[in-house]
Amino acid sequence: MPEEKKSLNFLEQIIEADIAAGLDKEKLRFRFPPEPNGYLHIGHAASICLNFGLGLTYNAPVNLRFDDTNPAKEEQEYVDAIKYDLQWLGFKWANELYSSDYFQQLYDWAIILIKKGKAYVDSQTSEEIAEQKGTPTEPGVNGPNRDRSVEENLALFEKMKNGEFKEGSHILRAKIDMTSPNMLMRDPIMYRILKKSHHRTGTTWNIYPMYDWTHGESDYIEQISHSLCTLEFKPHRELYDWFLDQIYDPNKLRPKQREFARRNLSYTVMSKRKLLQLVNEGIVKGWDDPRMPTISGLRRRGYTPNAIRKFSEIAGIAKRDNVTDVALLEFCIKDDLNKTAPRVMAVLNPVKLVLTNYPVGKEEWLDAENNPEDETSGSRKVPFSRELYIEKEDFREEANKKFFRLKLGGEVRLKNAYIIKAESVVKDPNGEIVEIHCTYEAASKSGSGTDASLRRVKGTLHWVSIQHAVPAEVRLYDRLFNDEAPDAHKGIDFKDFINADSLRINRNAFVEPSLKEATIGDRFQFQRLGYFNIDSDSTATNLVFNRTVALRDSWAKIEKKVTNAQPKTDTTMTEVLNLAGRYLKSREEEERLSLVASITKLSEKVERQKLIELVESAISNKEYLAYLLLFNSGNLSFEKDEDIVKNVNVFIGKALQMKNSYVRFQAVDFVGNNKAYRADYADLLSVMSREDKNTHIVERLKKF
RNA sequence: UGAUCUGUGAUGUAACGGUUAGCAUACAAGAUUUUGAAUCUUGUUGUAUAGGUUCAACUCCUAUCAGAUCAUCCA
């Protein structure tokens, strides 16, 4: 028996260790705690699959707990949407719970803390409080209300609760340590006055607990064994534990907070705030726009729950910052749909094809397999006739051997039908091809078993019969952003990277008649094109399809290679890029200097104009650094003239905000050496001189 | 300037002191093909750097470098 050892992620290892240390397996319990202030996205899916996955592997309950402690931002609409998404993903929660269910318990505990002298009412303004809080590098100081008597605190807190004070006039704070290196421990706020109606408790409460006071205690009430959250909560753990210490009963299970890295996807953004902006500013059509990384967007786009779960599984979970390639997500959906989606024929850019030797008025209904990957899927009939549509791109009057499609005098098979030969074309006055005239070989009918039908021709095309074709609208989506990590550039608004071409609507498409029966949400493979589903905008008279994802297209790659062959790869530039790569890895000042010298030497061979064109497409640190080093080599001049201003300005602007400090340094150096550019970045540079963490950069800026 | 955390190919992850650093994606080549898809086979790229501990280091220690997080009456 080959017993395969499944590798555990670090959280599973922690759980295993806890069990080994004596934790009763029966006591394992998890939770998924969304705040109902937005829609779930693919990043949440990681957390969902993690928590519910652990529930499944350990046969432990998983609670769905809405963290609804801020009535200003939360709405029932979101609660419903979150529940729907979770169910759609295929997960079942043990209990549906709300932090607001615990408001009374939390209040009672707060009273205990006050009585123990561990909490006090502060009546200062938020500005005063912020001032006393200190900074990460300087300790805070105690405020004047810190030593109020228990009686006074109790009385004030009671009045806060009863609504006798205005919002902002008082808060309840934990009394911990104003000098703690952890800012969160400097007397954090437990309650604030908020005279807002809550979506569940109405106007019962005038005070609402803060996240830190709520979360750990809620975990404790629910007896959650492992409270898993994202990395940015790491500093909260100390507070989480402190709050638990105050009310913890040693006979009960004590929850444990552990943190993992949130999942990021390339070419999109993943924060609720930014997604909300895209919706509010009309950049997308709603939370469920098929370009959105939300669960509802992916659903509308045609993704399956299976694919999303598979993605979370193979992407895994760890503690390092990551930007996962969307290609991985796309692989998951293609893999799933390949096995499940029925194949159909649709023509997106039609051109008319006439079979001159096929009888006028004749119609045949040919067999077509629904899915060769699935033997149980059966077959359907598709109508064939004298006049057909094929894709414009599938025909060329002349083409080389690599073009497997139809060309004059050439043969090709029509999928599920006959082998045809192109004889002539009809053009309109503009020279545009309007008809392709072909002959067909009657004996070559698919599946007929004749010698002619078994003959192999290199290309196979999809088609639809004109008289039977159903018109359709097809929406083609592309990535929403042009940049791999649009929100990872300091100071640049992520919206600057919006891809203006992320949606193309095609209203000239035709699909085979079997699709008339299809209903909203149905998924198909349009053969040779991609996977598509029926959008919710679709009606009986106007079929609307979304392209979920295109099929892999090797032909496009071959073609691209041919067209790109002329500007042969520049060996000098490759060399420069290699040197820049070594620069980034090197830790020796000396080595770096010698690398710079090599690049300076090479810069003599680089053409100024070419470099300026290249700069536009820079993505990686290596590229940025290479180009900047060339700029700074002194061999290429960059006076501000019209032809370079645009590219170089954009490039330098981005470079100044790259994460890598070598890149930023070189960009600063460039601006330092080329005074003409300085004004363009004045604001940015002043921000940098204050905030940049790299001392070399700050020093360089001082020399300006 | 401080505290805390994190660095494994192009990307995401595994190996928890002991084979040649594994898996998946991506990329490339070939086979196959009535989808230039899928499938199959093969291949390419990696432990941030420098020291140390050890018979043995991706793994432990130190330093350096790089990145992230930390002051909302948000969560």
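In what follows, every chain begins at residue 1, and chains take the letters A, B, ... in the order their sequences are listed.
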**Student:** Expressed in whole Å, how much space separates the C1' atoms belonging to U33(B) and A15(B)?
**Tutor:** 39 Å

**Student:** Do Asn264(A) side-chain atoms and Asn322(A) backbone N/O form a donor-acceptor pair below 3.5 Å?
**Tutor:** yes

**Student:** Please determine whether any donor N or O and acceptor N or O are separated by less than 3.5 Å between the side chain of Arg320(A) and the base of U6(B).
**Tutor:** no

**Student:** Would you classify His236(A) as touching base, sugar-phosphate or nothing, given that sugar-phosphate means primed atoms plus P, OP1 and OP2, and contacts are heavy atoms under 4.0 Å?
**Tutor:**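 Here His236(A) touches the bases of the nucleic acid.
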
**Student:** Using a strict threshold of under 4.0 Å (side-chain N to carboxylate O), is an ion pair present between Asp187(A) and Arg146(A)?
**Tutor:**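 So Arg146(A) pairs with Asp187(A) through a salt bridge.
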
**Student:** Which comes earlier along RNA chain B counting from the 5' end, the contact point of Asp325(A) or that of Ile314(A), where each point is its nearest nucleotide?
**Tutor:** Asp325(A)

**Student:** Of the options Asp67(A), Thr69(A), Asp68(A), which is the one that meets Ser100(A) in a side-chain hydrogen bond (donor to acceptor under 3.5 Å, both in side chains)?
**Tutor:** Asp68(A)

**Student:** Could you please name the option among A75(B), C73(B), A68(B) that lies closest to any side-chain atom of Asp67(A)?
**Tutor:**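 In terms of side-chain proximity for Asp67(A), the closest of A75(B), C73(B), A68(B) is A75(B).
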
**Student:** Distance check, P atoms only: A68(B) and G12(B), in whole angstrom units.
**Tutor:** 15 Å

**Student:** How far does the P atom of G46(B) sit from the matching atom of U72(B), given to the nearest Å?
**Tutor:** 43 Å

**Student:** Can you list everything that forms a ring-ring contact (aromatic ring centres under 6.0 Å, His included) with Tyr107(A)? Sequence neighbours excluded, please.
**Tutor:**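 So Tyr107(A) forms a ring-ring contact (aromatic ring centres under 6.0 Å, His included) with Phe157(A), Trp205(A).
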
**Student:** Once you apply a heavy-atom cut-off of 4.0 Å, does Ala130(A) come out as touching a base, just sugar-phosphate, or nothing?
**Tutor:** nothing

**Student:** Using ring centroids (six-membered ring only for Trp), state whether Tyr208(A) and Tyr191(A) fall under 6.0 Å.
**Tutor:** no

**Student:** Does a sphere of radius 6.0 Å around CD in Glu131(A) hold more than 12 heavy atoms from other residues, nucleotides or ligands, not counting ones at 6.0 Å or beyond?
**Tutor:** no

**Student:** Report, as a single string ordered 5' to 3', how protein heavy atoms within less than 4.0 Å touch nucleotides 35-41 of chain B: B base, S sugar-phosphate only, - not at all.
**Tutor:** BBSS---

**Student:** G67(B), U25(B), U34(B): which one has an atom nearest the side-chain heavy atoms of Arg456(A)?
**Tutor:** U34(B)

**Student:** Check every strand shown and say whether Phe233(A) touches a base, only sugar-phosphate, or nothing at a heavy-atom separation below 4.0 Å.
**Tutor:**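 The answer is base, as Phe233(A) lies within the cut-off (heavy atoms under 4.0 Å) of a base atom.
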
**Student:** Base, sugar-phosphate or nothing for Ile129(A)? Non-hydrogen atoms, less than 4.0 Å.
**Tutor:**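 Since no nucleic acid heavy atom lies under 4.0 Å of Ile129(A), the category is nothing.
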
**Student:** Just to be sure I follow the notation: if a pair is Watson-Crick (purine N1 to pyrimidine N3 plus N6-O4 or O6-N4) or a G-U wobble (N1-O2 and O6-N3), each under 3.5 Å, what dot-bracket string does RNA chain B give, with | for pairs to another strand?
**Tutor:** .((((((..((((....[...))))((((((.......))))))...(((((..]....))))))))))).....

**Student:** Once ring-ring contact (aromatic ring centres under 6.0 Å, His included) is applied, do any residues pair with His489(A), and if so which ones, sequence neighbours excluded?
**Tutor:**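 Only Phe497(A) meet the ring-ring contact (aromatic ring centres under 6.0 Å, His included) criterion with His489(A).
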
**Student:** How about Thr268(A) and Arg479(A): does a side-chain donor come under 3.5 Å of a side-chain acceptor?
**Tutor:**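 Checked: Thr268(A)/Arg479(A) side chains show no N/O donor-acceptor pair below 3.5 Å.
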
**Student:** Is the shortest side-chain N to carboxylate O distance from Lys445(A) to Glu364(A) below 4.0 Å?
**Tutor:** yes

**Student:** Report which part of the nucleic acid Val323(A) touches: base, sugar-phosphate, or nothing (heavy-atom distance under 4.0 Å, all strands).
**Tutor:** sugar-phosphate

**Student:** In this structure, how many angstroms lie between the C1' atom of A75(B) and the CG atom of Asp219(A), rounded?
**Tutor:**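 One finds 14 Å between C1' of A75(B) and CG of Asp219(A), rounded.
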
**Student:** So what does Asn37(A) touch, heavy atoms closer than 4.0 Å: a base, only the sugar-phosphate, or nothing?
**Tutor:**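 No contact.
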
**Student:** Over all strands shown, is Gly134(A) touching base, sugar-phosphate only, or nothing at heavy-atom distances under 4.0 angstrom?
**Tutor:** base

**Student:** Can you sort out the partners of Tyr418(A) under ring-ring contact (aromatic ring centres under 6.0 Å, His included), two or more places apart, ordered by chain and number?
**Tutor:** Phe384(A), Tyr440(A)

**Student:** So Asn694(A), base contact, sugar-phosphate only, or nothing? Heavy-atom distance under 4.0 Å.
**Tutor:**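 The residue Asn694(A) makes sugar-phosphate contact but no base contact.
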
**Student:** Is Thr230(A) touching bases, backbone alone, or none of the nucleic acid, heavy atoms closer than 4.0 Å?
**Tutor:**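 Nothing, no heavy atom under 4.0 Å.
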
**Student:** In terms of side-chain geometry, is the basic nitrogen of Glu393(A) or Arg405(A) positioned less than 4.0 Å from the acidic oxygen of its partner?
**Tutor:** no

**Student:** Kindly give the atom pairs (protein nitrogen or oxygen, nucleotide nitrogen or oxygen) under 3.5 Å for nucleotides 2-5 of chain B.
**Tutor:**
| residue | atom | partner | partner atom | Å |
| --- | --- | --- | --- | --- |
| G2(B) | N3 | Pro136(A) | O | 3.3 |

**Student:** Using a distance-only criterion (donor-acceptor N/O pair, under 3.5 Å, no hydrogens), is the base of C16(B) paired with the side chain of Gln13(A)?
**Tutor:**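 Yes, a donor-acceptor pair under 3.5 Å.
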
**Student:** Would you mind checking if Asp335(A) and Lys339(A) are paired as a salt bridge, meaning a charged N to carboxylate O distance below 4.0 Å?
**Tutor:** yes

**Student:** Hey, would you say the Phe233(A) and His215(A) ring centroids sit under 6.0 Å apart?
**Tutor:**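 No: the rings miss the under 6.0 Å criterion.
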
**Student:** Phosphate oxygens OP1/OP2 of G67(B): is one of them under 4.0 Å from a side-chain N or O of Ser661(A)?
**Tutor:**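 For Ser661(A), the contact criterion (side-chain N or O under 4.0 Å from OP1 or OP2 of G67(B)) is met.
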
**Student:** How far, in whole Å, is A28(B) from C16(B) if one measures between their P atoms?
**Tutor:** 34 Å

**Student:** Pick base, sugar-phosphate or nothing for Thr69(A), based on heavy-atom distances below 4.0 Å to the nucleic acid.
**Tutor:**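 Result for Thr69(A) = sugar-phosphate.
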
**Student:** Applying a 4.0 Å non-hydrogen cut-off, can you work out what Glu131(A) is touching in the nucleic acid: base, sugar-phosphate, or nothing?
**Tutor:**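 Contact class for Glu131(A): none.
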
**Student:** Base, sugar-phosphate or nothing for Arg173(A)? Non-hydrogen atoms, less than 4.0 Å.
**Tutor:** nothing

**Student:** May I ask you to say what Ser126(A) touches in the nucleic acid, namely base, sugar-phosphate or nothing, with a heavy-atom cut-off under 4.0 Å?
**Tutor:**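 It contacts base atoms.
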
